[in-house]
Amino acid sequence: MKALKLVFLGMSLVLFSCGGEYFDGDDIVTESLEDFISDIVNDVEDALNSGTYDNKTYFNPPEWIIGNWYYDQDRILGFGFTESNFYEYFFTITFSNNKYLNYIENGEKKYSLDEETATDSTYYFEIINNFDFDDFCTYVFQKISNDSLNYTYSHNDGTHSNRKYYRFK
């Protein structure tokens, strides 16, 4: 989970801060940003598709947050809620957090949803690694208006993101 979240953060930083060149050993390789991101996304999808999963739902978000939310007008980075799931969007890729929570490793659930709290203006939860309790992520969504919210993601290793998101209509 931590690795996948860091991949998302890394892809976000790549999108907003660099061009199409990167280092490969001593060489500088020029590649389109779309190809570069596609390679990363394919690696993540391969990792997710190689595991064993249960088919349970975990999320119970408040009514006000259900729908799709985006950071930018191009709808590159975003997330969405249904009555029972939390999705994260990157380009045309959709990651289901229920899938993360259903992942089984060595016969046991690897991740758990913890401390889910929902009010009229805040939705909060933590996802923890059951094999390493020092590995957890915190998500806080604070309603600003019916069409905007503040989304804060933090990992116990110090990785942190805080951005305003807008409802997609």
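Numbers here simply count residues along the sequence, with the first being 1.
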Task: Test item: H155 and D135 side chains (from C-beta on) under 4.5 Å apart, heavy atoms - done: yes

Open item on the list: Ring-plane angle category for F86 and Y151, please: parallel below 30°, perpendicular beyond 60°, tilted otherwise.
Closed with: perpendicular

Task: Test item: S112 side-chain N/O and D114 main-chain N/O as donor-acceptor pair under 3.5 Å - done: no

Task: Pair D157, T159: side-chain N/O donor-acceptor within cut-off below 3.5 Å - done: yes

TODO: Name the orientation class of the two ring planes belonging to F81 and F79 (parallel below 30°, tilted from 30 to 60°, perpendicular beyond 60°).
DONE: perpendicular

- [ ] Report yes or no: does E126 contribute a side-chain atom to a donor-acceptor pair with the main-chain N or O of F136 at less than 3.5 Å?
- [x] no

TODO: Would you please classify the geometry between the F125 ring and the Y139 ring as parallel, tilted or perpendicular, with 30° and 60° separating the classes?
DONE: parallel

Task: Distance flag, aromatic centroids of Y70 and Y89, threshold under 6.0 Å - done: yes

- [ ] Verify, without hydrogens or angle tests, whether R167 (side chain) and I66 (backbone) share a donor-acceptor contact under 3.5 angstrom.
- [x] yes

Open item on the list: Within the 4.5 Å heavy-atom criterion, are N97 and E88 side-chain neighbours or not?
Closed with: yes

Open item on the list: Taking S84's backbone N and O only, do any of them form a donor-acceptor pair with N98's side chain (distance below 3.5 Å, no angle check)?
Closed with: yes

Task: Heavy-atom side-chain proximity of Y87 to N68 below 4.5 angstrom - done: no

Open item on the list: Is any side-chain heavy atom of T117 closer than 4.5 Å to one of T122?
Closed with: no

Task: Check against side-chain contact (heavy atoms from CB on, under 4.5 Å), T138 and Y124 - done: CA-CA 8 Å; T138 303; Y124 168 92; 3.3 Å; yes

TODO: Check the side chains of Y58 and N102 for a donor-acceptor pair under 3.5 angstrom, ignoring hydrogens and angles.
DONE: yes

- [ ] With sequence neighbours left out, write down each residue that passes side chain to side chain contact (heavy atoms under 4.5 Å, CB included) with N150, or none if nothing qualifies.
- [x] Q142, I144, T152, N162

